[in-house]
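In what follows, a structure is listed as structure tokens, so that the remarks can point back to it.
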Amino acid sequence: MKAIAFACVHLGGRRVEFSTKDCLYRGSTFRMTNSRIADIFDEIADLLEFQGSNPFRVRAYRNGARIIRDLPESIHTVLADDSRKLTDLEGIGKDLAEKIQTLVETGALKQHQELLEQVPATVLDIMRVPGLGPKKAALLYKELNIATLEQLKAACEAEQVRQLKGFGAKTEQTILHGISIAAAANERIYWAEADSVATEIRELLGTCSSIEQLEFAGSYRRGKETVGDLDVLVVSQDVSEVMQRLGEYSDLAEVIGRGDTKMSIRTHKGLQIDLRVVPAESFGAALQYFTGSKDHNVAIRGLAKQRGLKINEYGVYRIDGDKEVYVAGATEEAVYATLDLPCFPPELREARREFEWAAKGELPELISIKDIRGDLHMHTTATDGRASLEEMVAAARERGLSYIAITDHSQRVSMARGLNAARLLAQWAEIDAFNKRLGKEFTVLKGIECDILEAGGMDLPDDVLAEADWVLASVHYGQQQSREQITQRILDAIENPWVTAIAHPTGRILNRREAYEVDIDAVFAAAAEHGKLLELNANPARLDLHDVHCAAAKSHGIPIVINTDAHSIDGLDCMRYGILQARRAGLTKEDIANTRTLPQLRSLIRKGRSKT
DNA sequence: GCCGTTTTCGGCCCGACTGTTTTCAGTCG
């Protein structure tokens, strides 16, 4: 796999996992968050599935988990508003609403605890071994009392598992193999990593003369921040040529399976790639189907049913007595058109608000990378960047930008040789001179990524910040502080007249570090009140703000600024990851500050200063 | 467990592949 340059954040970290108990009681000030509620619902779904419960009941919990996780505001905000009910949320009925209420009030759920007493939590690991699902895991537990991966491994090696009905020698081997790759298989990789694999696969399969169409689907196409596996669809008259070529992939570790139309392989890093060969008249239907999301498709299929239609990966069919008549399927547009729906941008297909928007004719025209005029967060060799001011400017101009802000670290970030006032003023003098040479075509804004100190307050004096064109405020230290402390630090920064935007507002790093405890609703309220901006950091390991929070910021009228936080020339190319995230949030050009012309941007900055 | 102008009960998306079967269950996406 091609190495990807990520500023600050290193790849290869293990996923940070918290048990439910940790989640419940982490930190001294207990507070139930949306994601904790969602995690508990997901775990209930897993446990119920293991017990063989009604699959639709299981789905209802998973659905509930997704709805709460995707909610663009804190569940506390909904509960505090007397005019709103949890059951107004589609998919949350009386029962789940009560459970959410109980979780918020008491931090625990009797049903959840009882399930955990009935089923050892470790059996959930067994269900995650590829090839094992709830039924087989339950049988292993019931018949052989296997509750841990270690016990499972031992039983397979002792050839006990093959004695069970429905199991055989082959299954034992699959399980043993599955255990060894289970950890890697569970890890979702950054979208950017998936993109580099997809590019390689596209090039490889591009050498097949028989391929007429090729497209990637799945969460990769939806631009999700992490990707579990890659789905590639092709139209070809020669299936064996395509499958043979995929089998020649340089990073191939194993062929998992190969049938008439489907082939699955795994890379050495554990990424699964699924290839499907479909007829041309089905390509659009297959693309729609495998792009998902699952919940989006369930909704689509429900709508189809109401109209006497059936949709599968081969096309849309009209049910006519016993016959099924093909109606559409060659293109996605045609598939959606049978339901009088627009061809949703893949990034919106999450069963969030896209159907509501479509019904009102208000589907947003999503931002695209060509709308971006500037990049307002980057570092140079003055601190921990690898390119000089001149090099960054040249690279930015090459990328078609018309302005940038140089935002090196402030002094608190000693590890990066952060700038004190004297060094910062010297850099700004250099930028002034530089701008004179550049003329009107390109402008470098005098910026700073100023730390919000652990004890509160900014890392540089106000009279220095007042000289800046652009001030980002960041939390880098004291991330373990209480919710109240961290929130107050950020609110104080927002109220500082010279601060323009809060950078990477939640501090999370995908697969590695949870967001710090912050009352994000309070941050939204303060930013809206004081005319401040929030950053969507485009680093593929950060993507902070989260898409759900971007949508919430929009609803508060807060402009988002998409920045690369580049620490090198290549880092400037991260912009497209931020664009994808913004698109997933349903943001348009108008919602993003750095799509504006420089005079418009300066006016926005002045507005923030006048409101604080 | 959710949902509803066909319904408050009875539905809930659908097909490929594998392994263990001998017509199908389980898993996966």
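Protein chains get the first letters and strands the later ones, always in sequence-line order, with residue 1 at the start of each.
Of the side-chain N and O atoms in A:K99, one or more sit less than 4.0 angstrom from OP1 or OP2 of B:dG1. Put simply, A:R162 has no side-chain N or O that comes within less than 4.0 Å of OP1 or OP2 on B:dT20. OP1 or OP2 of B:dA16 lies within a sub-4.0 Å distance of a side-chain N or O belonging to A:Y314. Remark: A:T171 is in phosphate contact with B:dT20, judged by side-chain N or O atoms under 4.0 Å from OP1 or OP2. Applying the 4.0 Å criterion to OP1 and OP2 of B:dC17, one finds that A:K262 has every side-chain N and O outside that range. Regarding contacts with the backbone of B:dT6, every side-chain N or O of A:K305 stays at 4.0 angstrom or more from both OP1 and OP2.
For the pair A:L164 CG and B:dT20 P, the interatomic distance rounds to 12 Å; values are reported in whole Å. Straight-line distance from the CZ atom of A:F290 to the P atom of B:dG29: 11 Å, rounded to whole Å. Summarising the geometry, the separation between CD on A:E313 and C1' on B:dC17 is reported as 12 Å, rounded to the nearest angstrom. Rounded to an integer number of Å, the gap from A:Q272 CD to B:dC17 C1' is 12 Å. At whole-Å resolution of the value, CZ in A:F41 and C1' in B:dG1 are 11 Å apart. Per the geometry, NZ belonging to A:K310 stands 8 Å off C1' belonging to B:dC14, to the nearest Å. The CZ-C1' distance, from A:R62 to B:dG1, rounds to 13 Å in whole Å. Atom NZ in A:K165 sits roughly 7 Å away from atom P in B:dT21 (whole-Å rounding).
If you check every strand for non-hydrogen atoms under 4.0 Å, A:R258 touches sugar and phosphate atoms only. Using a 4.0 Å heavy-atom criterion, one finds that A:N63 contacts no nucleic acid atom at all. Looking at heavy-atom distances under 4.0 Å, A:T261 makes contact with sugar-phosphate atoms alone, never a base. A:P55 comes within 4.0 angstrom of nothing in the nucleic acid, heavy atoms only. Note on A:Y61: only backbone sugar-phosphate atoms sit closer than 4.0 angstrom, heavy atoms only; bases stay farther off.
On the P atoms, B:dG11 is 35 Å away from B:dG19, given to the nearest whole Å. B:dT18 and B:dT22 are spaced 15 Å apart, taking the C1' atom of each and rounding to whole Å. Spacing of P atoms, B:dG15 relative to B:dC9, comes out at 31 Å, to the nearest Å.
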### Message
Quick one, A:R222 with A:E347, criterion side-chain contact (heavy atoms from CB on, under 4.5 Å). Give me CA distance, side-chain angles, the key distance, then yes/no.
### Response
CA-CA 4 Å; A:R222 300 202 311 280; A:E347 296 92 336; 5.8 Å; no
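Across every strand in view, B:dT8 sits unpaired, with no contact that passes the Watson-Crick or G-U test at under 3.5 angstrom.
A:Q288 and A:N297 share a donor-acceptor pair across their side chains, judged by distance under 3.5 Å alone. Counting only N and O atoms by type, the side chains of A:E114 and A:Q118 include no donor and acceptor under 3.5 Å apart. A:T207 and A:R245 are linked by a side-chain donor-acceptor pair at a separation below 3.5 angstrom, with hydrogens and angles left out of the test.
The cationic atom of A:R202 (NZ for Lys, CZ for Arg) does not lie both less than 6.0 Å from the six-membered ring centre of A:F216 and within 45° of the ring axis.
Less than 4.0 Å separates DNA chain B from at least one heavy atom of each of the following residues of residues 293-304 of chain A: A:K294, A:V298, A:R301.
The main-chain N or O of A:V161 is found under 3.5 Å from a side-chain atom of A:E172 such that the two form a donor-acceptor pair.
Summarising the geometry of A:M32 relative to A:I37, their closest heavy-atom pair is CG-CG1, 3.3 Å, with the distance given to 0.1 Å. A:P120 and A:A147 get closest at one heavy-atom pair: CG-CB, 4.1 Å.
Ranked by how close their nearest DNA chain B nucleotide is to the 5' end, A:F56 and A:K170 are led by A:F56. The residue among A:V58 and A:K136 whose nearest nucleotide of DNA chain B lies closer to the 5′ end is A:V58.
Because its glycosidic torsion is more than 90° from 0, B:dT5 is reported here as anti.
Picking from B:dC14, B:dG1, B:dG29 the nucleotide with the shortest atom distance to the side chain of A:R57 gives B:dG1.
In this structure, the side chains of A:V239 and A:M243 come closer than 4.5 Å at one or more pairs of heavy atoms.
With hydrogens and angles ignored, a donor-acceptor pair under 3.5 angstrom links the side chain of A:Y289 to the base of B:dG29. Looking at A:N54, its side chain comes within 3.5 Å of the base of B:dG1 through a donor and an acceptor atom.
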